[in-house]
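Beneath this line is the structure, given in structure tokens, with notes to follow.
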Amino acid sequence: MEAIILVGGFGIRLRPLTLATPKALLPLANVPMLERLVRSLPKRVTKVALAVHHQADAITAHFAAIDCGCEVITVPETEPLGTGGAMRNCREHVTGTALVFNGDIVSSLDIEAMLEQHRATGALGTLALWEVDDPSRYGVAELDGNAIIGFQEKPAAGEERSRLINAGTYLLEPKAFEMIPAGRKVSVEREIFTQLAGAGLHGFPFAGSWIDAGTPESYLAANAMLLEREATAAHPGASVRGNALIAADAEIASSIVGPDTVIGPGVSLDRCVVRRSVLLAGASATGAVIEDCILGPGVVVDSDRSRMVLAAEGELRF
Ligand code: GDD
Ligand code: MG
């Protein structure tokens with residue numbers, strides 16, 4: 001079976017982090033999010049097509065240097081083709097039912113169980129669905145049994161017909177691919193899922209965990225979620241509080257780290273308190289309180305600028 005992973009977006013909501021690093025290569029608990037996804041694929045997936053555009057070279061180079069246990073190719077777009085156009089552009093690499101992912105999702109979805117339902121219903125497409133309180137930043141599916149009878153992409157507040165959202169993982173038959181117009185920008189959500197609703201599109205609601213790591217808040221939340229399983233116990237120079245993951249080569253002196261904090265490789269901390277934050281590779285801080293922050297690679301926080309916040313709007317405040 002082949003998988004397609006959509007990773008060509010600009011990652012605008014994660015700027016400035018995504019100016020230098022594609023969203024797909026931003027680490028979650030110190031492993032690039034796309035690498036995590038590729039390594040977690042079921043064994044039956046033998047080939048993965050990465051639909052790339054923005055910062056494509058960095059993604060290609062990353063996968064050329066590692067072995068994820070399956071063939072990984074990159075399929076570039078000269079112009080961004082949107083989620084549907086990008087999938088259509090990978091059509092020649094798909095031989096049967098395709099597994100398609102948005103590249104910024106962390107979840108506990110059981111793909112084998114989803115595939116079982118997909119086969120049993122004979123659906124043209126099956127979408128994994130996740131329940132949220134506020135569906136307005138997502139695609140929304142209206143179900144009748146397992147059949148999706150209505151699909152709304154990012155409905156205005158109050159307009160949503162359910163709280164079940166498109167979780168960004170699909171099983172699609174070749175016939176569904178053929179419905180996507182070739183050679184132009186297409187939103188699979190707005191043009192195809194709306195058309196397939198009531199005509200062969202099914203939903204697979206699941207429970208457990210799910211996060212789209214594409215905003216500063218949800219990026220921090222995705223890291224915190226992974227720490228529940230991947231936290232480490234101790235590190236020289238650090239007094240660890242709650243869940244934290246500290247890269248082995250981080251240099252830490254007289255600092256409190258945690259809860260819900262990830263310290264990347266090559267980070268140095270001296271007399272700091274770091275809570276609910278992610279410090280990417282090579283960041284360093286002296287005499288600072290760092291809370292609810294993402295420090296980009298190599299960012300320096302010194303005691304003259306003792307508090308730095310990456311606000312929700314992506315604006316940097318000192
Ligand atoms: N190759 C390629 N080309 N990839 C793209 C393009 C493109 O033009 N545009 C977006 N992508 C990729 C992004 O990199 C991301 O991995 C994925 O497609 C989804 O794009 P996002 O920008 O993250 O979309 P979203 O989070 O606003 O909404 C989508 O995901 C939600 C779940 O997280 C939609 O699919 C919603 O319906 C869904 O609920
Ligand atoms: Mg997203």
Side-chain angles (χ1 to χ4, degrees), residues 4-14 18 23-24 37 51 53-54 77 79-91 98-107 109 114 118 123-173 175-206 210-215 217-219 222 312 314:
I4 296 173
I5 309 182
L6 305 175
V7 284
F10 290 94
I12 288 168
R13 289 163 292 184
L14 278 173
T18 46
K23 174 165 75 172
L37 180 56
H53 171 65
H54 179 59
E77 293 149 40
E79 292 298 321
L81 288 171
T83 48
M87 284 158 57
R88 185 70 168 81
N89 199 38
C90 293
R91 174 72 184 89
L99 180 58
V100 182
F101 295 89
N102 288 345
D104 55 358
I105 303 298
V106 188
S107 87
L109 174 66
M114 180 169 160
H118 180 74
L124 277 181
T126 302
L127 274 49
L129 302 176
W130 175 255
E131 193 171 321
V132 295
D133 289 334
D134 174 13
S136 56
R137 62 173 266 233
Y138 303 107
V140 174
E142 188 184 355
L143 284 187
D144 179 9
N146 281 325
I148 294 179
I149 53 167
F151 189 90
Q152 307 164 284
E153 181 64 13
K154 305 199 171 87
E159 299 277 298
E160 65 272 0
R161 280 188 242 128
S162 90
R163 291 196 296 124
L164 280 176
I165 60 147
N166 167 18
T169 302
Y170 323 128
L171 285 162
L172 295 179
E173 291 306 307
K175 268 192 184 167
F177 272 83
E178 300 304 334
M179 289 175 65
I180 307 173
R184 71 161 169 91
K185 189 165 187 171
V186 181
S187 158
V188 76
E189 298 86 352
R190 292 176 197 278
E191 291 192 44
I192 307 301
F193 293 161
T194 45
Q195 198 182 326
L196 269 176
L201 196 62
H202 283 239
F204 179 76
F206 70 102
W210 181 89
I211 294 187
D212 168 338
T215 69
E217 297 81 0
S218 67
Y219 178 75

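Taking the six-membered ring for Trp and the full ring otherwise, the centers of Phe101 and Tyr170 sit at least 6.0 Å from each other.
Residues Met87 and Val186 fail the side-chain proximity criterion, which asks for heavy atoms closer than 4.5 Å. Contact annotation: the side chain of Leu99 approaches that of Thr169 to within less than 4.5 Å [non-hydrogen atoms, C-beta and beyond]. No side-chain heavy atom of Ser187 sits under 4.5 Å from any side-chain heavy atom of Phe193. Residues Leu109 and Met114 form a side-chain contact, since some pair of their non-hydrogen atoms from C-beta on lies under 4.5 Å apart. Under the 4.5 Å side-chain criterion, counting only non-hydrogen atoms from C-beta, Leu201 is not in contact with Leu124. Residues Phe177 and Leu172 meet the side-chain proximity criterion, which asks for heavy atoms closer than 4.5 Å. In this structure, Ile5 and Leu37 have side chains that are in contact, with non-hydrogen atoms separated by less than 4.5 Å. For the pair His202/His118, no side-chain contact is recorded, criterion being any heavy-atom separation below 4.5 Å from C-beta on.
With rounding to the nearest 0.5 angstrom, the CG atom of Leu81 is 8.5 Å from the NZ atom of Lys185. Between atom OG of residue Ser107 and atom CG of residue Asp212 there is a gap of 11.0 Å, rounded to the nearest 0.5 Å. One finds the OG1 atom of Thr83 at 6.5 Å from the CG atom of Leu6 (value rounded to the nearest 0.5 Å). The distance from atom CD1 of Ile12 to atom NE2 of His54, rounded to the nearest 0.5 Å, is 8.5 Å.
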Problem - Stepwise salt bridge (charged side-chain N to carboxylate O under 4.0 Å, His left out) test for Glu191 and Arg184 - result: CA-CA 12 Å; Glu191 291 192 44; Arg184 71 161 169 91; 3.0 Å; yes
Exercise for the section: Just do the side-chain contact (heavy atoms from CB on, under 4.5 Å) check on Arg137 and Thr215 with the steps written out, would you? Expected result: CA-CA 11 Å; Arg137 62 173 266 233; Thr215 69; 3.6 Å; yes
Exercise for the section: Verify side-chain contact (heavy atoms from CB on, under 4.5 Å) between Val140 and Asn166, making sure each step is shown before the conclusion. Expected result: CA-CA 6 Å; Val140 174; Asn166 167 18; over 6 Å; no
Practice task
Apply side-chain contact (heavy atoms from CB on, under 4.5 Å) to Met179 and Leu196, showing your working.
Solution key: CA-CA 9 Å; Met179 289 175 65; Leu196 269 176; 3.7 Å; yes
Exercise for the section: Step by step, work out the salt bridge (charged side-chain N to carboxylate O under 4.0 Å, His left out) result for Lys154 and Glu189. Expected result: CA-CA 10 Å; Lys154 305 199 171 87; Glu189 298 86 352; over 6 Å; no
Handout entry: Audit row: Phe204, Leu129, side-chain contact (heavy atoms from CB on, under 4.5 Å) steps and yes/no
Key = CA-CA 6 Å; Phe204 179 76; Leu129 302 176; 6.0 Å; no
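Checking side-chain atoms of Glu178 against main-chain N and O of Ala176 turns up no donor-acceptor pair under 3.5 Å. Arg163 places a side-chain N or O within donor-acceptor distance of the main-chain N or O of Val132, the cut-off being under 3.5 Å.
Looking at His53 and Glu79, their side chains never bring a donor and an acceptor atom within 3.5 Å of each other.
A search for salt bridge (Lys or Arg N to Asp or Glu O under 4.0 Å) contacts involving Asp134 returns nothing, not counting sequence neighbours.
Sorted by first and then second residue, the salt bridge (charged side-chain N to carboxylate O under 4.0 Å, His left out) pairs involving residues 139-150 (not counting sequence neighbours) are Glu142-Arg161.
Looking at every heavy atom in both residues, Trp130 comes nearest to Ala167 through CB-CB, 4.1 Å. Nearest heavy-atom pair across Asn102 and Ile105 is O-CG1, 3.7 Å. When all heavy atoms are compared, the tightest approach of Pro181 to Ile192 is CD-CD1, 4.3 Å.
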